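Just below is one structure, and these are the notes that go with it.
If you're wondering where the values come from, they're calculated on a predicted model, not measured in any experiment. What's counted below: heavy atoms across the whole structure, side chains too, no hydrogens, waters or symmetry copies.
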Amino acid sequence: MPRSRRVATPRSPRRLARDRHGRGMRSAVTGPHLEPLRTRLDDFDFTIATTAAYLRGLWPELEGVVFEVAQGPAEAIHGDHVDRWKVWHDERRITFYRLPIVRFLRLQEGEERDEKLLIESCVFRAIAELLDKDPWELAPGRYRHL
């Protein structure tokens with residue numbers, strides 16, 4: 001006896017717009033009344049950018065310097081240390097390695113201020129290396145309140 005074959009029926013557009021349990025499509029996580037979520041990557045990039053912009057306002061020598069953020073290449077790992085940034089003097093470019101900076105923080109939950117201060121200190125030290133100055137000379141009085 002031959003088996004009966006099911007004929008594929010075309011699905012309606014309404015059916016395609018629902019999940020398989022019939023509850024409808026998922027809405028955005030934040031909803032229309034909340035601002036979009038910021039990730040830790042966004043916060044890291046924002047801290048680098050704002051600190052670099054602050055120092056550009058103080059030091060005209062930083063005009064044209066390119067600031068980049070990378071994950072952390074293999075050539076940044078040495079036997080006794082891990083590079084957190086790389087400065088190219090001839091190209092006027094600084095690359096910050098996010099993973100070495102963030103992974104060595106050893107912060108507890110809720111210490112975002114300390115994380116921001118460490119990222120800012122890395123930016124200060126990298127720019128001081130580019131300008132051949134001491135990091136404390138870049139913005140005297142910036143951290144006097146701490």
_Is there a side-chain contact (heavy atoms from CB on, under 4.5 Å) between V65 and L130? Walk through the geometry before answering._
CA-CA 10 Å; V65 175; L130 178 72; 3.8 Å; yes

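- In this structure, E63 has no salt bridge (Lys or Arg N to Asp or Glu O under 4.0 Å) partners at least two apart in sequence or on a different chain.
- Between R84 atom CZ and I101 atom CD1 the span is 7.0 Å, to the nearest 0.5 Å.
- Under the side-chain hydrogen bond (donor to acceptor under 3.5 Å, both in side chains) criterion, D43 pairs with R38, not counting sequence neighbours.
- L138 places none of its side-chain heavy atoms less than 4.5 Å from the side chain of L58.
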*Under the side-chain contact (heavy atoms from CB on, under 4.5 Å) rule, what do V102 and R40 come out as? Steps first, then yes or no, please.*
CA-CA 10 Å; V102 173; R40 292 173 55 196; 3.8 Å; yes

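- With sequence neighbours left out, the side-chain contact (heavy atoms from CB on, under 4.5 Å) criterion links A49 to no other residue.
- Residues that satisfy the salt bridge (Lys or Arg N to Asp or Glu O under 4.0 Å) test with R56, not counting sequence neighbours, are absent from this structure.
- Considering only residues two or more places apart in sequence or on other chains, E137 meets the salt bridge (Lys or Arg N to Asp or Glu O under 4.0 Å) condition with none of them.
- Annotation: salt bridge (charged side-chain N to carboxylate O under 4.0 Å, His left out) contacts involving residues 89-98, sequence neighbours excluded, comprise E68-R93, E91-R93.
- Without hydrogens or angle criteria, T51 side chain to I48 main chain gives no donor-acceptor distance under 3.5 Å.
- Residue pairs meeting the side-chain hydrogen bond (donor to acceptor under 3.5 Å, both in side chains) criterion with at least one partner in residues 122-133, sequence neighbours excluded, are W85-E129.
- Using a 4.5 Å heavy-atom cutoff, the side chains of E120 and T47 are in contact.
- Side-chain atoms of L62 and L131, non-hydrogen and from C-beta on, do get closer than 4.5 Å to each other.
- Using a 4.5 Å heavy-atom cutoff, the side chains of W88 and T95 are in contact.
- Criterion: ILVMFWY side-chain heavy atoms under 4.5 Å apart, direct or through other members. Under it, F46 and Y97 are not part of a common hydrophobic cluster.
- For the pair F124/Y54, a side-chain contact is recorded, criterion being any heavy-atom separation below 4.5 Å from C-beta on.
- Once rounded to the nearest 0.5 Å, the distance linking CD of E115 with CG of L117 reads 10.5 Å.
- Residues satisfying the side-chain contact (heavy atoms from CB on, under 4.5 Å) test with A52, not counting sequence neighbours, are F67.
- Residues I127 and V87 form no side-chain contact, since every pair of their non-hydrogen atoms from C-beta on lies 4.5 Å or further apart.
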